[in-house]
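Reckoned from all heavy atoms, side chains included, excluding hydrogens, waters and symmetry mates. A note on names: the letters A, B, ... follow the listed sequences, proteins ahead of strands, and every chain is numbered from 1.
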Amino acid sequence: MQNAYSPQVIEKKWQAKWEKDKLYRSVIDHSQPKHYALTMLPYPSGDLHIGHWFSMTPPDARARFKRMQGFNVMFPMGFDAFGLPAENAAIKDGVHPMKRTFQNIERMRKQMRSMGAMFDWEREAVSADPEYYKWTEWFFIQLYKMGLAYRKMSAVDWCPHCNTTLAREQVWGEDRHCERCGTPVIKKNLEQWFFQATKYADELLNFDGLDWPQTVKTLQTNWIGRSEGASVIFKTAPSSPPPFSPKMGEEKGGGDDIEIFTTRPDTLWGATFMVFSPEHPLVEKVTSPEQKAAVEAYKMQAARQSDIEREAVDKEKTGVFTGGYAINPVNQAHIQIWIADYVLMSYGTGAIMAVPAHDERDFAFAKKYDLPIIPVIQPVGASHDSPLQAAYVGDGVMVNSAQFNGTKVNTEKGRKNPGISKVIDWLASQGIGKEAVNYRYRDWLISRQRYWGAPIPMIHCEKHGWNPVPEDQLPVLLPEDVEWKPTGESPLKLHPTWKNTICPICGEPAERETDTMDSFMCSSWYHLRYLSPHYDKGPFDPKEYDYWMPVDTYTGGIEHATMHLQYTRFFHKAMRDAGVTKGDEPMMQLRNQGMVLGEDNEKMSKSRGNVIAPDVLVNQYGADTVRAYLMFFARWGMGAPWDSQGIEGSARWIRRVWTLFTDRTPTGAASDETKKNLRRNVHQTLKRVTRDFENFEFNTIISSLMELLNDMYKAREAGAVGSSEWSEAQEIYLKMLAPVAPHIAEELWTNRLHKKYSIHQQSWPKVDEEAAKEDMLEIPVQVNGKVRDRVLVSAEADEEEIRSTALASEIVQKFLEGKEPKKVIVAQKRLVSVVV
RNA sequence: GCCGAAGUGGCGGAACUGGCAGACGCGCACGACUCAAACUCGUGUUCCUUCGGGAUUGAGGGUUCAAGUCCCUCCUUCGGCACCA
């Protein structure tokens, strides 16, 4: 047996043996509590990145820890294998995405095996495998049958670089760029498939029972953007200007409903004009002949501007009077209807009532175009400046509001606001409005004009419209012989025969949908495919589902907060309602890792040349050292820049572990005190390490283990070798090390301590609280808030004893200068504070 | 503008419920080993200091015997949302 530490030898050896022995195979066992640990699956980009190691190996250590604690742990891995990069590469060099993807997967599997992670490869799932995407298609059909999948023509986001539409969640930042490639998107009017996620908006806002980071919950909550208020029906007024005539109703035109949404129904009496989005369907009808030219010109100008320009916040508000009037239903006032691009067709109803006195935007608009401003909320005990200098948005009482005058209004939203609540009830009783909730949230656009995705299993027939592919004909397979051209249409559309099929209703010739699904659809349910990746009677085996689901701990990057993490919750709830899944949530606990940055403190990228390759590190240091360093070098939840020198510290530690366990050291004769201290250190460390594993605090696990190793070296110096305390320390040390550095722990356990293979099947040691207790405590003594001395007392000492010992200290006496202390505080057994 | 996260030595970071700030590691310095270097081992390492101490957790206030931790005001960095009615 070699004495030098050679990770390259022992790591390969143990990986092979563990695999041969199926050590990490997870099977249903009702005698054990289960633990489903899941980490976000990678896209097979070709090479495993250090970021993959950072997101996978600490959770692997925790899964191993859970297993040693007696849980039946499932820790699966797979590939999110559909997606644009493979297809874009195919356009460039002609290599088929399928070939490239499966080659990349092969390579990454191999790299992943070098991690020494406890992945159960028999549960592997690959989303681009027909065995998998058959069920992605099946899920689409279930959603369709529930009425949750529908087709709609609308202005959608289009990425000109990726040549496809995108979901709203996949368009980021102020410049509205594509989440994948960074190219600013444009709007296109297209008919696309959507999932009606908005139906679940309220349920998605409820995080009860979920142990998720507050930040993710907040991001999702803001994304859904629920606001409470009222919808109110205004009417268009007759076309001529409003001469005060008793026969008004007989005049021509008018009478069309204008529905608006407002969060401030309490300010309805202050609505002095209305604003329509330029695209509003009533614009043409209300526009007077005199204003027609101006309105048309404004509409043209608005249409030419990009959304980004239109939505720029600090842009000065512009608009045009339509010449038309509306009637405010609460007071019959005739008010002008304007069009302005600050009102968006995509939110609410595309029309607003404008209350300049109490809304900053409306105020600015009214000032600019000299429209009337009528205050209807008065601060309590004060009156408004006249004229109003700015919109008043604070609390107060209603004025100029007929029977509501004097009603209190606070700054709460919705029903919590007494003024709003009363007005909503009245509107409803009058039949002119009702309580309403509006969301920023949009339905999920899932059509992609690309080849490398799961086909949308729908057929279009001239006579029978859209119908799903019969389930017994699934999967709709992707054809292999396609042309790669970035045309903006799916290559499936250009394929000579693929789209030709027959209508499932009438049997006449019909066409397949040639768009494919957003790959986030594939990843919405991968955690279910792991349950039984080869099951063919359904997407998963219900027996496996009942045992393993829900996911106990889910780990991954926070960048998916409003994408994958939100989609998968929607998916789970929809499938629950379809009777496919159970429970309300798919993943109970969520933790996010941070990002490993380059040594230059920048995001790692090939173009910056700051990429750290894990393979190189594994060759140089071994996987155990890389794992340990990744757990140690940063708070896992935060991430940090990589430090090539820093890894030397972890390498040194692992080598020192090796040395301590392999050096031949003669049996010594340590003092009882040495042995007792050793035991205490061991059990105190065990306590901390157990706690930190539970809390995903990996960096302090490693520092505790480093500290204990230093203590063990000292104990060895003091002659502890040969004692039962030494043997216990060795045993516990390796068990604590096993989740972190599984190979060296196994080697030392099996071949040096000659314990029973495998260390990974041992149970987690129990803390001996007695042994962990201190005998003597060193208590700092403060005089006027400054630590002046430290006194030793027995751990059993009571408060009085601690007090008198502290006061007896010479140094403390010196600082007292003969005076009596005003106050002496004994803070538990931690500190004595003397106040003079 | 709104919401959220984070600011601690040269660097990554530690500090359980308000109770010794800087654990652990990197780096650096010195020493041992060596012909020499690397490795390894040991010692030191927040700053200032008249060696008594003093200052110190982004800045400034406050609460407290005691604040990195609690409260208020502000600054910086990062992330999200944004004319959302």
Side-chain angles (χ1 to χ4, degrees), chain A residues 172-174 213-223 225-227 229 260-264 267 274-275 277 310-317 340-344 346-355 359-362 364-365 438-440 558-559 561-562 594-595 601 628-629 632-635 637-650 652-653 655-656 659 687-688 691-692 695 697 699-710 713 778-790 814 821-836:
Chain A
W172 286 15
E174 267 179 71
Q214 188 53 50
T215 47
V216 175
K217 293 192 277 188
T218 305
L219 287 170
Q220 292 198 352
T221 302
N222 292 346
W223 185 255
R226 180 190 159 97
S227 50
I260 58 115
F261 172 76
T262 177
T263 55
R264 294 295 305 274
T267 63
M274 295 193 85
V275 187
S277 158
R310 258 182 80 167
E311 288 173 13
V313 185
D314 37 6
K315 201 188 82 176
E316 192 174 351
K317 305 208 176 344
D341 64 7
Y342 79 91
V343 175
L344 309 173
S346 56
Y347 185 79
T349 60
I352 61 160
M353 66 166 190
V355 184
D359 181 282
E360 282 164 22
R361 293 155 301 169
D362 298 343
F365 196 81
N438 223 310
Y439 300 90
R440 218 180 63 84
I558 197 164
E559 67 275 12
T562 57
M595 210 191 294
N601 212 355
Y629 184 58
F632 180 64
F633 90 111
R635 292 127 125 170
M638 298 286 174
W642 185 260
D643 178 0
S644 292
Q645 277 182 318
I647 194 173
E648 293 289 345
S650 301
R652 220 165 274 157
W653 169 55
R655 277 198 299 269
R656 272 166 61 81
T659 305
K687 211 171 161 176
R688 281 203 302 272
R691 183 195 67 200
D692 292 349
N695 298 333
E697 284 163 2
N699 56 341
T700 46
I701 292 171
I702 309 299
S703 29
S704 296
L705 290 176
M706 286 174 168
E707 252 177 304
L708 180 58
L709 188 73
N710 294 342
Y713 265 94
E778 198 189 63
I779 309 245
V781 186
Q782 295 184 339
V783 180
N784 287 342
K786 288 212 162 63
V787 178
R788 297 300 181 180
D789 196 15
R790 293 178 172 82
K814 196 189 100 196
K822 256 191 226 149
K823 212 172 176 186
V824 180
I825 294 143
V826 181
Q828 291 112 35
K829 287 181 180 180
R830 296 228 186 97
L831 177 137
V832 177
S833 182
V834 180
V835 188
V836 188

**Closest nucleotide among B/C3, B/A14, B/C39 to the A/Thr218 side chain** = B/C3
**Message:** Give me the distance, rounded to whole Å, that separates B/C24 from B/G4 when you measure between the P atoms they each carry.
**Reply:** 37 Å
**Message:** If you compare every side-chain N and O of A/Lys786 against the phosphate oxygens of B/A21 (OP1, OP2), does one of them come in below 4.0 Å?
**Reply:** no
**Residue A/Phe261, side-chain atoms from C-beta onward, closest of B/A85, B/C24, B/A5** = B/A85
**Asked** Taking the C1' atom of each, how far is B/U17 from B/C70, in whole Å?
**Response** 13 Å
**Item:** Sugar-phosphate only, base, or nothing, as touched by A/Lys829 at under 4.0 Å among non-hydrogen atoms
**Value:** nothing
**Message:** Using a 4.0 Å heavy-atom cut-off, does A/Arg790 contact any base of the nucleic acid, only the sugar-phosphate backbone, or nothing at all?
**Reply:** base
**Prompt:** A/Leu219 side chain: which of B/G80, B/G19, B/A55 is closest?
**Reply:** B/G80
**Out of B/C20, B/A23, B/A85, whichever nucleotide has its closest atom nearest the side chain of A/Ser703** = B/A23
**Prompt:** How would you label the contact of A/Asn710 with the nucleic acid (heavy atoms, under 4.0 Å): base, sugar-phosphate, or nothing?
**Reply:** sugar-phosphate
**Message:** Categorize A/Gly646 for me: base, sugar-phosphate, or nothing, with a 4.0 angstrom heavy-atom threshold over every strand shown.
**Reply:** sugar-phosphate
**Asked** Which part of the nucleic acid does A/Trp653 contact within heavy-atom distance under 4.0 Å: base, sugar-phosphate only, or nothing?
**Response** nothing
**Message:** What's the closest nucleotide to the side chain of A/Trp172 if the choices are B/A85, B/C20, B/G80?
**Reply:** B/G80
**Options B/A85, B/C20, B/G7, nucleotide nearest the side-chain atoms of A/Arg361** = B/A85
**Request:** Kindly point out which of B/C65, B/A14, B/G25 is positioned nearest to the side chain of A/Met706?
**Result:** B/G25
**Message:** If the cut-off is 4.0 Å, is A/Thr349 near the phosphate of B/A85, judged by side-chain N/O to OP1 or OP2?
**Reply:** no
**Prompt:** Hey, does the side chain of A/Arg656 come within less than 4.0 Å of B/C41's phosphate (OP1/OP2), counting only N and O?
**Reply:** yes
**Asked** Taking the chi torsion of B/G7, is it syn (within 90° of 0) or anti (everything else)?
**Response** anti
**Item:** Minimum-distance nucleotide (side-chain atoms of A/Glu707 versus B/C65, B/A23, B/C84)
**Value:** B/A23
**Request:** Specify the glycosidic conformation (syn or anti) of B/G58, with syn defined as within 90° of 0.
**Result:** anti
**Request:** Ignoring backbone atoms, test whether A/Arg440 places a side-chain nitrogen or oxygen under 4.0 Å from the OP1 or OP2 oxygen of B/C81.
**Result:** no
**Asked** What nucleotide among B/G19, B/G27, B/C20 has an atom nearest to a side-chain atom of A/Ile825?
**Response** B/G19
**Asked** Which is true for A/Gln782 with a 4.0 Å heavy-atom rule: it touches a base, it touches only sugar-phosphate, or it touches nothing?
**Response** base
**Message:** Just to be sure I understand the rule, does A/Ala640 reach a base, reach only the sugar-phosphate, or reach nothing, if contact means heavy atoms closer than 4.0 Å?
**Reply:** sugar-phosphate
**Message:** Base of B/U17, side chain of A/Arg830 - is there a donor-acceptor contact under 3.5 Å?
**Reply:** yes
**Prompt:** Roughly how far apart, to the nearest Å, are B/C41 and B/C26 at atom P?
**Reply:** 10 Å
**Request:** Look at atom NZ of A/Lys687 and say whether more than 12 heavy atoms of other residues, nucleotides or ligands are closer to it than 6.0 Å.
**Result:** no
**Asked** Whole Å only: how far is the CZ atom of A/Arg788 from the P atom of B/G52?
**Response** 14 Å
**Item:** A/Tyr342 six-ring face occupied by A/Arg361 cation (under 6.0 Å, within 45°)
**Value:** no
**Asked** On a whole-Å scale, what distance lies between the C1' atoms belonging to B/G58 and B/G9?
**Response** 15 Å
**Request:** Tell me what A/Gly639 touches on the nucleic acid: a base, only sugar-phosphate, or nothing, going by heavy atoms under 4.0 Å.
**Result:** sugar-phosphate
**Item:** Closest to side chain of A/Phe632, choosing from B/G12, B/A6, B/C39
**Value:** B/G12
**Spacing of the P atoms in B/A67 and B/A21 (rounded, Å)** = 10 Å
